[in-house]
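Below, chains carry the letters A, B, ... as their sequence lines are ordered, and counting in each starts from 1. Bear in mind the structure is a predicted one, so any value in this text is a computation, not a measurement.
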There are 2 protein chains.
Amino acid sequence: MARGNTIQKEKVAIIGSGNWGTAAARIIGENVTRHPDFHPEVKMWVFEEIIENRALTEIINEQHENIKYLPGFKIPENVIADPDMLNTIRDATILVFVVPHQFLYKVCDQLKGNIHPKAIGISLIKGCDTGETGIRPISTILEEALKIHICTLSGANIANEIAEGKFSETTIGYKIREEGELFKRLFETSYYQVGIIDDVIGVEMCGALKNVVALGAGIVDGLKMGDNSKAAIIRIGLSEMKKFLKMFYKNIKDETFFESCGVADVITSCYGGRNRRVAEAHVTTGKSFEQLEKELLGGQKLQGTLTAKEVCTMISIKGLENEFKLFVAIYRIAFEGLEPKKIFDVIVD
Amino acid sequence: MARGNTIQKEKVAIIGSGNWGTAAARIIGENVTRHPDFHPEVKMWVFEEIIENRALTEIINEQHENIKYLPGFKIPENVIADPDMLNTIRDATILVFVVPHQFLYKVCDQLKGNIHPKAIGISLIKGCDTGETGIRPISTILEEALKIHICTLSGANIANEIAEGKFSETTIGYKIREEGELFKRLFETSYYQVGIIDDVIGVEMCGALKNVVALGAGIVDGLKMGDNSKAAIIRIGLSEMKKFLKMFYKNIKDETFFESCGVADVITSCYGGRNRRVAEAHVTTGKSFEQLEKELLGGQKLQGTLTAKEVCTMISIKGLENEFKLFVAIYRIAFEGLEPKKIFDVIVD
């Protein structure tokens with residue numbers, strides 16, 4: 001029996017069903033039948049789309065596959081797709097948020113006042129949001145809008161590799177240990193190992209800041225500077241991430257950076273991923289990041305440059321440029337036309 | 001004036017002149033002329049070899065190039081090669097040790113009783129030595145044999161990239177801060193940035209243990225398990241390195257693992273380097289590590305497997321196998337025929 005005997009069975013609702021949401025739904029659907037904490041049925045809110053004359057929810061509920069966002073992988077039959085958000089979350093005591101972050105406020109507006117009084121949530125949302133005072137963690141936005149506890153989940157987690165059952169790790173940040181442990185039971189499998197740590201914001205924000213570091217790694221790749229330089233950029237990036245989070249947010253833990261959400265996710269982003277790729281292309285082609293976004297990403301926005309801009313605004317307001325030389329150098333390369341090869345001069349200066 | 005006004009000018013002797021020693025000599029030769037702490041002449045002990053009828057020392061002193069171990073890069077003229085070790089270290093107050101570690105005891109025997117009373121040393125020697133009680137750090141061996149203070153230097157430092165002036169970082173471990181700062185002045189350049197930390201053994205031992213982690217990374221590469229898995233192995237490896245050093249040695253610092261000698265060197269070894277390469281080949285060809293050493297390394301020994309063996313002996317004596325599941329899995333794959341794909345089962349078990 002879960003959460004201090006007040007809830008018989010946790011009912012899980014997943015808000016979102018993209019590539020990452022569907023991969024998560026596969027795990028959650030399996031795990032709710034393995035652990036007595038959970039009700040065996042899982043609801044998943046799907047932004048309805050029509051695909052070859054059929055509704056996506058209908059396809060998911062009949063074929064048990066999200067043919068648009070995670071084709072080729074079965075979804076357990078106890079995961080029920082629903083296009084109606086309020087119907088999806090009715091009676092749910094666990095809300096898993098995994099929508100693209102630009103839909104966040106709309107989702108909050110719909111959910112406000114309609115949530116189970118004992119509900120808690122977990123954010124799998126990538127990226128970050130920007131308010132008047134700089135970057136606002138998504139978990140903070142959810143907590144303030146919905147008045148519920150929010151945990152965060154982030155790590156070196158390429159969705160398709162997880163769907164394939166390839167060994168991966170992730171990190172869950174919690175404020176109340178019991179909630180962290182509950183979410184660990186909801187997500188952990190033999191091939192998807194979950195670490196938990198008392199640091200909601202650190203876990204989430206590592207997932208945003210790593211995109212800035214990945215731009216640095218891509219710049220070094222473009223310059224063909226070799227392994228020492230690349231390792232140095234990754235190391236400096238990780239240490240600026242740590243310094244930044246400790247300066248601008250409360251209760252950030254050192255250990256967070258040793259978890260999957262920290263060092264491991266930074267590594268995957270610096271050796272793969274679109275931020276690294278676009279930054280490398282900027283160096284080798286001389287084209288602007290804006291131009292390359294259009295050419296290489298089919299209209300999607302590059303998270304790293306957006307984040308670098310917000311981060312450097314926050315740094316600049318406090319006059320801390322000398323403490324974050326790599327972040328500043330990356331910003332200047334992306335937005336002020338600094339020559340990429342000057343990156344090392346700025347760091348050492 | 002250096003070291004509490006007792007030494008007017010530090011005289012530097014470099015013991016060793018291989019690929020790494022010669023790259024270091026280029027930096028040291030330049031830096032002694034830039035900082036008032038140092039005497040402008042540097043002696044370098046060279047294991048004499050005859051190359052095309054000329055002595056290597058003669059070639060170095062006339063051509064100012066080590067044509068055998070670092071061809072194509074000039075050595076400053078104030079670096080004087082000498083085949084006589086005692087002559088090399090006469091009056092030297094700073095000894096830079098950079099011989100292959102199998103020559104260590106011979107070097108100690110020659111130097112004992114012949115060292116300047118104020119001398120201090122720094123070890124750039126890679127690898128580790130094994131005694132009756134497991135791995136003995138090279139800095140400890142030097143300290144005990146020579147009765148002088150020893151600092152250590154280690155990092156993501158491919159010698160040729162440093163010789164090319166590509167941006168790199170390194171870490172110096174010290175016991176006495178003033179000595180760490182003196183060595184920082186001896187080694188730091190605009191393209192070779194030095195971090196210093198109060199952890200002699202941690203800095204050195206990271207450089208030995210990373211070779212074990214690199215075997216793990218190579219195994220995952222061979223299995224074609226993707227980015228999540230590789231990042232997970234690197235992260236778990238780094239955390240086992242930290243746990244191992246904290247359990248078996250004293251005064252190891254958490255921060256050491258965020259330095260170049262820690263996370264950065266682990267990354268370079270897991271994406272490049274011979275340990276990764278041989279482990280990958282073991283998985284893809286099924287050949288033994290011993291066989292692959294012969295085929296791929298031209299008689300050189302693989303540091304990772306030697307270190308894994310010693311590390312696992314130390315772990316096993318204390319019955320700590322459950323605390324070091326990755327190290328144990330790597331050992332079992334290398335020495336006990338465990339199937340590589342079982343690596344994840346062992347970790348999760």
Side-chain angles (χ1 to χ4, degrees), chain A residues 155-162 164-171 188-193 195 217 220 223-239 242-243 254-255 257-273 341 343-345 347-349, chain B residues 155-162 164-171 188-193 195 217 220 223-239 242-243 254-255 257-273 341 343-345 347-349:
Chain A
N157 290 166
I158 297 165
N160 278 59
E161 292 187 6
I162 293 167
E164 289 168 33
K166 288 182 171 171
F167 184 82
S168 307
E169 290 189 312
T170 200
T171 313
E188 187 160 78
T189 72
S190 60
Y191 62 85
Y192 189 57
Q193 292 283 296
V220 176
L223 293 168
K224 301 192 188 2
M225 288 294 285
D227 295 338
N228 294 356
S229 296
K230 184 156 176 181
I233 290 295
I234 296 173
R235 191 203 73 79
I236 294 168
L238 193 63
S239 87
K242 188 172 148 194
K243 202 196 287 181
D254 278 353
E255 296 75 26
F257 302 87
F258 279 119
E259 294 294 325
S260 179
C261 65
V263 61
D265 200 17
V266 168
I267 291 171
T268 46
S269 308
C270 288
Y271 284 89
K341 69 178 179 194
I343 188 168
F344 299 108
D345 300 344
I347 293 172
V348 173
D349 184 34
Chain B
N157 291 165
I158 297 165
N160 278 59
E161 292 186 7
I162 293 168
E164 289 168 33
K166 288 181 169 171
F167 184 82
S168 307
E169 292 189 310
T170 200
T171 314
E188 188 161 78
T189 72
S190 61
Y191 61 84
Y192 190 56
Q193 292 284 293
V220 176
L223 293 168
K224 302 191 186 4
M225 288 294 284
D227 295 340
N228 294 357
S229 296
K230 185 156 176 180
I233 289 294
I234 295 172
R235 190 203 73 79
I236 295 168
L238 192 64
S239 86
K242 187 171 148 198
K243 202 196 287 181
D254 278 352
E255 295 76 26
F257 301 87
F258 279 119
E259 293 295 324
S260 179
C261 65
V263 61
D265 200 16
V266 168
I267 291 171
T268 46
S269 308
C270 287
Y271 284 89
K341 70 178 179 194
I343 188 169
F344 299 109
D345 300 344
I347 293 172
V348 173
D349 183 33

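Contacts of A:Glu255 with chain B are absent, with no heavy-atom separation under 4.5 Å from either backbone or side chain. A:Tyr271 touches chain B through its side chain: at least one heavy atom from C-beta onward sits under 4.5 Å away, while N, CA, C and O do not. Neither the backbone nor the side chain of B:Asp349 comes within less than 4.5 Å of any heavy atom in chain A. Heavy atoms closer than 4.5 Å to chain A are found nowhere in B:Glu164, neither backbone nor side chain. Only the side chain of A:Lys242 comes within less than 4.5 Å of a heavy atom of chain B; its backbone N, CA, C and O stay farther away. In this structure, the portions of B:Ile162 lying under 4.5 Å from any heavy atom of chain A include both its backbone and its side chain. Of the atoms belonging to A:Asp345, not a single heavy atom falls under 4.5 Å from chain B.
Between chain B and the options A:Val263, A:Ile158, A:Thr268, heavy-atom pairs under 4.5 Å are most frequent for A:Ile158. Most heavy-atom pairs under 4.5 Å with chain B: of the set A:Ser239, A:Ser260, A:Cys270, A:Gly262, this distinction falls to A:Ser260. Ranked by heavy-atom pairs shorter than 4.5 Å toward chain A, the options B:Ile236, B:Thr170, B:Val266 are led by B:Ile236.
Separating the OG atom in A:Ser168 from the CG atom in B:Asp227 is a distance of 10.0 Å, to the nearest 0.5 Å. For the atom pair CD (B:Glu188) and CD (B:Glu169), the distance works out to 9.5 Å, reported to the nearest 0.5 Å.
Scanning for side chain to side chain contact (heavy atoms under 4.5 Å, CB included) contacts around B:Leu223 gives B:Ile219, B:Met225, B:Val283, B:Pro340, B:Lys341, B:Ile343, B:Phe344, with sequence neighbours left out.
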